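Nothing fancy with the numbering, it's 1 onward along the sequence. Note that the structure is predicted; figures quoted are calculated from it, not measured.
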Amino acid sequence: MTATFSGPNMSRRQLLRLAGAAGLFASIGVGASACAGPTGLPGKDTLTLALNRSLVSLDNKLNQFDAAVTVQRAVREGLTAIGPDITPVPMLAESFEMVSPTRWTVKLREAVAYSDGRPVKIEDVATALKMYSEVQGSFVAGFFPEFPTVNPVDEREFHLDSKAPIPILDALMALILISPAEDNEPEELQTGVGTGPYVVESFNRGAGTYELLRNEKYWGQAPAVQRVNVRFLPEESSRVIALRSGEVDIIDSISPNSMEQLSGLPGVSIETASSLRMNQIFYNFRKPSSHPLSDARVREALSFAIDGQSLVHDVLIDSVEQAQGVTPASLFGHAKTGDFIYDPAKARKKLANLGVEKLKLKIIWETGEFPSDTAIMEALVQMFGDIGVSTELQQFEPGGNILQWRQGKEGDWDLLGNGFSSPTGLAITMLQGMYAGTAEKEKTRDTYQGYVVPSVAEKIARATIEVDDSKRATYLKVAQQAAWDTWPCAWAFVPKSILARRNRVQDLGLSAANSYPLVNIGLES
């Protein structure tokens, strides 16, 4: 869907009020179409989840939006996992220890097997690392400064060796989900087995639905819930209605308006947590040198057009905080590097001094990327219009081809509404994933929106290999300031993790990663 805002005479304040109201109406739902949702009530031993984005795979090589982690890790597991306090904890590894700056020693748990009975082998770990490194456009690969090599010691113990130190490797390995070597491929696996507490009974990738059944052979704590149904309901109004009617038990990533609707309803509770995610209006760094957006001064000038505080208050109902750097303050190692300031007169003056006239911007985003996304984009049209910049919006439905656009393989665009999280809870992971792009990575489009700034990448690399925590913190601050000074986004904000659940769902344990371990959940009869 492509839409251009058509109310040039409307004031910015009026637009923001209408945008907030539009979000409210969408949440309430109008007409029969808003009532579409799963049919039938969940059984007494069945948990039903309704996700706002389509879960296209239970593998995470290419696709791992925050809520997907909950389901993916119920089927496949890593050597480690990120625990509730956002620190790595052992999973398939019995022990995981740094023995030198470039070597970690790992021991697999004894007698851990996949759901089909095959044992977990060291070869599976080596193959997993190879497959994650070879897949093009990998979500996970960008977090690794280099992939370690696996060197077996015996049947259970092995070394992870690297050319340079990787002091956070125990956290990074939580992102590598292990599958049998003979079944693994450099792509998202649609079938296959894992070691997790649940197995896949059936699925429809196109519809985004999965039926999970308790793994009776699970090596760890047995899950209390026998069956988990995963549904994809893109319309927030449908998810809210389905929760209120009891057709689903949990809905994720809800907007502030929906949170207000559901708060205090009998039988419904709201769960909130801090967030490891940053949502951004990010620039396309694949522009030729002749394009105005290739100039950091132009990117900075455009940021003055955005009234971020009004978006936070009037559209997002104070459920987010405006970013003060290139990483969220919730991440370990975050440094404040600057503020987004609203000054449209300054924006116009700067653009004029730079000789930028008749600029037209195209903003793209995928539905559900963050709550109230459409309202925010329509507000941006008005704000940019106030400084004489025209804007076109193109919205992609979930499951569409926005990935090809982001990689520069399809149409052209100027700004992207996108979210990015640090699944390790560390600022260095986000910096590595977004701002450490190289010319070599760009050849395969494995950079973040074409961001390749060697001076920034060098500073990140210095922080990445530093073993001393205090020195790393200093290097991290320098790297974050360098990235901020390139003005990578016109605006950014840090949301909270918000979901709603039926009260029959017990021990949910929502984390800052916007996920929760299914194995811990119980249901009241």
Side-chain angles (χ1 to χ4, degrees), residues 1 26-27 29 33-43 46-76 137 139 177 187-194 196 198-213 225 227-243 245 247-255 258 277 365-371 373-374 395-406 418-419 421 497-501 505 513-516 518 521:
M1 178 187 74
S27 299
S33 61
C35 297
T39 58
L41 300 179
T46 298
L47 176 72
T48 300
L49 320 178
L51 305 184
N52 74 321
R53 296 177 68 183
S54 180
L55 181 60
V56 298
S57 172
L58 293 182
D59 190 9
N60 71 331
K61 294 188 186 76
L62 297 176
N63 178 39
Q64 186 180 297
F65 62 90
D66 292 352
V69 176
T70 295
V71 186
Q72 289 170 337
R73 293 171 188 271
V75 176
R76 288 184 169 91
F139 167 79
L177 303 184
E187 60 187 39
E188 281 191 318
L189 304 177
Q190 300 304 321
T191 58
V193 300
Y198 287 92
V199 298
V200 180
E201 185 177 45
S202 65
F203 72 97
N204 183 327
R205 181 174 181 266
T209 60
Y210 293 80
E211 313 290 332
L212 308 182
L213 192 63
V225 177
R227 185 180 298 274
V228 178
N229 292 337
V230 182
R231 300 287 181 261
F232 166 48
L233 294 178
E235 295 294 333
E236 185 167 6
S237 57
S238 298
R239 296 198 306 279
V240 169
I241 291 170
L243 182 79
S245 67
E247 293 177 358
V248 303
D249 294 302
I250 301 172
I251 60 175
D252 72 298
S253 304
I254 61 175
S255 69
S258 292
R277 182 178 182 86
W365 80 101
E366 183 178 78
T367 302
E369 185 64 44
F370 41 78
D373 47 13
T374 301
Q395 183 175 8
F396 291 79
E397 294 305 314
N401 65 338
I402 193 171
L403 178 61
Q404 285 71 36
W405 283 65
R406 288 175 51 185
N418 195 51
S421 68
S497 295
I498 308 173
L499 60 76
R501 63 172 174 85
V505 178
N514 196 25
S515 64
Y516 45 92
L518 285 177
I521 287 182

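- Scanning for salt bridge (charged side-chain N to carboxylate O under 4.0 Å, His left out) contacts around Asp59 gives Lys61, with sequence neighbours left out.
- Contact record, Val225 with Tyr198: O-OH, 2.6 Å, taken as the closest heavy-atom pair.
- Applying the side-chain hydrogen bond (donor to acceptor under 3.5 Å, both in side chains) criterion to Asp249, with sequence neighbours excluded, gives Arg504.
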Practice task
Please lay out, stage by stage, how Leu58 and Val71 fare under the test side chain to side chain contact (heavy atoms under 4.5 Å, CB included).
Solution key: CA-CA 7 Å; Leu58 293 182; Val71 186; 3.5 Å; yes
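- Of the possible donor and acceptor atoms, none in the side chain of Ser57 sits under 3.5 Å from a partner among the backbone N and O of Glu188.
- For the pair Arg239 (side chain) and Ile251 (backbone), a donor-acceptor distance under 3.5 Å is absent.
- By the salt bridge (charged side-chain N to carboxylate O under 4.0 Å, His left out) test, Arg53 is found to be paired with Glu366, Glu369, residues two or more places apart in sequence or in another chain being considered.
- Listed here is the closest heavy atom pair of Asp252 and Ala50: OD1-O, 3.2 Å.
- Listed by chain and residue number, Phe203 satisfy the ring pair (Phe, Tyr, Trp, His ring centres under 6.0 Å) test with Tyr210 (two or more places apart in sequence, or in another chain).
- Between Leu499 and Tyr516, the closest heavy-atom pair is CD2-CE2, 3.7 Å.
- Considering only residues two or more places apart in sequence or on other chains, Val193 meets the side-chain contact (heavy atoms from CB on, under 4.5 Å) condition with Tyr114, Ser115, Asp116, Arg118, Pro180.
- Partners of Leu403 according to the side-chain contact (heavy atoms from CB on, under 4.5 Å) rule, which considers only residues two or more places apart in sequence or in another chain, are Gln407.
- With sequence neighbours excluded, no residue forms a side-chain hydrogen bond (donor to acceptor under 3.5 Å, both in side chains) with Gln404.
- Here the closest heavy-atom approach between residue Ser54 and residue Gly208 is recorded as OG-CA, 3.7 Å.
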Problem - Derivation of the side chain to side chain contact (heavy atoms under 4.5 Å, CB included) call for Phe396 and Asn401 - result: CA-CA 8 Å; Phe396 291 79; Asn401 65 338; 3.4 Å; yes
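- Applying the side-chain hydrogen bond (donor to acceptor under 3.5 Å, both in side chains) rule to Asn418 yields the partners Tyr448; only residues at least two apart in sequence or on another chain are considered.
- Annotation: side-chain contact (heavy atoms from CB on, under 4.5 Å) contacts of Ser515 (sequence neighbours excluded): Val69, Thr70, Ser511, Ala513.
- Rounding to the nearest 0.5 Å places CG of Leu233 at 8.5 Å from CG of Leu51.
- Closest approach of Pro371 to Ile254, counting heavy atoms only: CG-O, 3.7 Å.
- In this structure a side-chain-to-backbone donor-acceptor pair under 3.5 Å is present from Ser245 to Ile241.
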Handout entry: Intermediate values then yes/no, side chain to side chain contact (heavy atoms under 4.5 Å, CB included), Val228 and Leu518
Key = CA-CA 9 Å; Val228 178; Leu518 285 177; 4.3 Å; yes
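- For the side-chain hydrogen bond (donor to acceptor under 3.5 Å, both in side chains) test, no residue two or more places apart in sequence or in another chain qualifies with Glu187.
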Practice task
Decide yes or no on side-chain hydrogen bond (donor to acceptor under 3.5 Å, both in side chains) for Glu236 and Ser258, but give the supporting numbers first.
Solution key: CA-CA 8 Å; Glu236 185 167 6; Ser258 292; 2.7 Å; yes
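- In this structure, the side chain of Asn204 does not engage the main chain of Thr209 through any donor-acceptor pair within 3.5 Å.
- Listed by chain and number, the residues in a salt bridge (charged side-chain N to carboxylate O under 4.0 Å, His left out) with Arg501 are Glu271 (sequence neighbours excluded).
- Of the inter-residue distances, the one linking Thr48 atom OG1 with Arg231 atom CZ reads 6.0 Å to the nearest 0.5 angstrom.
- Residues forming a side-chain contact (heavy atoms from CB on, under 4.5 Å) with Ser497 (at least two apart in sequence, or on another chain): Ala273, Ser275, Leu510, Asn514.
- In this structure the side chain of Leu177 reaches within 4.5 angstrom of the side chain of Arg73, judged on heavy atoms.
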Exercise for the section: Let me see the working for Gln72 and Leu55 under side chain to side chain contact (heavy atoms under 4.5 Å, CB included), right down to the final yes or no. Expected result: CA-CA 9 Å; Gln72 289 170 337; Leu55 181 60; 4.2 Å; yes
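- The shortest distance between side-chain heavy atoms of Asn52 and Phe232 does not fall below 4.5 Å.
- Rounding to the nearest 0.5 Å gives a distance of 5.0 Å between OG of Ser421 and CZ of Phe139.
- Atom OG of Ser202 and atom CG of Leu213 lie 10.0 Å apart (nearest 0.5 Å).
- Put simply, the side chain of Arg205 gets close to the backbone of Val56: a donor and an acceptor are under 3.5 Å apart.
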